[in-house]
*Asks:* 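Let me give you the structure first, and then I'll get to my questions.
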Amino acid sequence: MIEIFTDGASSGNPGPGGYGVILRSGKYYKELAEGFRKTTNNRMELLAVIKGFKDKKNKDLWLRYLEVSKLHNIKFTWVRGHNGHPENERCDELAVAAGKQKPLLIDSVFEMENAKAGLL
């Protein structure tokens with residue numbers, strides 16, 4: 001069994017943000033995090049789930065998730081954020097720190113769609 005804990009963060013919505021992931025299976029433990037210069041909290045939360053399973057090419061984040069999810073027997077458990085859950089708190093720390101690192105990555109789909117709509 002593999003446990004995956006995730007969280008996303010954004011300073012402003014949109015704004016700089018990031019995701020944090022913990023992968024745990026027996027003695028195996030790994031943390032993942034990346035930051036983006038302009039994104040949303042919702043996109044980072046979903047990207048955290050996707051990155052926890054495997055990188056895939058995408059039209060956008062939901063399409064990536066749907067493709068990856070076919071490979072696994074997945075059970076989701078929602079955990080209230082900022083409620084003292086150790087792994088969730090750590091993922092939040094990773095996500096916030098990733099959104100503050102330099103240089104930040106480009107969430108190209110988000111930026112391209114919002115530029116076309118005149119929102120950036």
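Excluded from the calculations below are hydrogen atoms, water molecules and symmetry mates; all remaining heavy atoms, backbone and side chain alike, are included.
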*Asks:* Please name the pair of heavy atoms, one in I22 and one in Y29, separated by the smallest distance, quoted to 0.1 Å.
*Replies:* CG2-CE1, 3.4 Å
*Asks:* State whether the side chain of S25 and the backbone N or O of Y28 hold a donor-acceptor pair below 3.5 Å, judged by distance alone.
*Replies:* no
*Asks:* Quick one: side chain to side chain contact (heavy atoms under 4.5 Å, CB included) partners of E89, sequence neighbours excluded?
*Replies:* H82
*Asks:* So that I can tick it off, tell me whether R90 and E87 are bridged by a salt bridge, with the cut-off set at under 4.0 angstrom between side-chain N and carboxylate O.
*Replies:* no
*Asks:* If you look at every heavy atom in G99 and P16, which pair is closest and at what distance?
*Replies:* O-CB, 3.7 Å
*Asks:* Report yes if the side chains of H85 and F5 come closer than 4.5 Å at any heavy-atom pair, otherwise no.
*Replies:* yes
*Asks:* For R80 and N88, which heavy atoms make the closest approach, and how far apart are they?
*Replies:* O-OD1, 4.3 Å
*Asks:* Quick check: is L47 connected to V49 through a chain of hydrophobic side chains (ILVMFWY, heavy atoms under 4.5 Å apart)?
*Replies:* yes
*Asks:* Could you pull out the closest heavy-atom pair between Y19 and M44, with the gap in Å?
*Replies:* CB-O, 3.4 Å
*Asks:* At what distance, to the nearest 0.5 angstrom, does CZ of R43 lie from OG of S10?
*Replies:* 11.0 Å
*Asks:* Under a 3.5 Å distance rule, please check whether N41 uses its side chain to pair with a backbone N or O of N13 as donor and acceptor.
*Replies:* no
*Asks:* T6 and side chain to side chain contact (heavy atoms under 4.5 Å, CB included): which partner among D92, L46, V21, L32?
*Replies:* V21
*Asks:* Verify the cluster assignment for I106 and V109: are they in a single hydrophobic cluster under the rule of side-chain heavy atoms below 4.5 Å apart?
*Replies:* no
*Asks:* Can you see which heavy atom on A48 is nearest to which on G20, and at what distance?
*Replies:* CB-O, 3.9 Å
*Asks:* For E45, which residues count as a salt bridge (charged side-chain N to carboxylate O under 4.0 Å, His left out) partner, sequence neighbours excluded?
*Replies:* none
*Asks:* Which heavy-atom pair separates F110 from T40 by the least distance, and what is that distance?
*Replies:* CE1-CG2, 3.6 Å
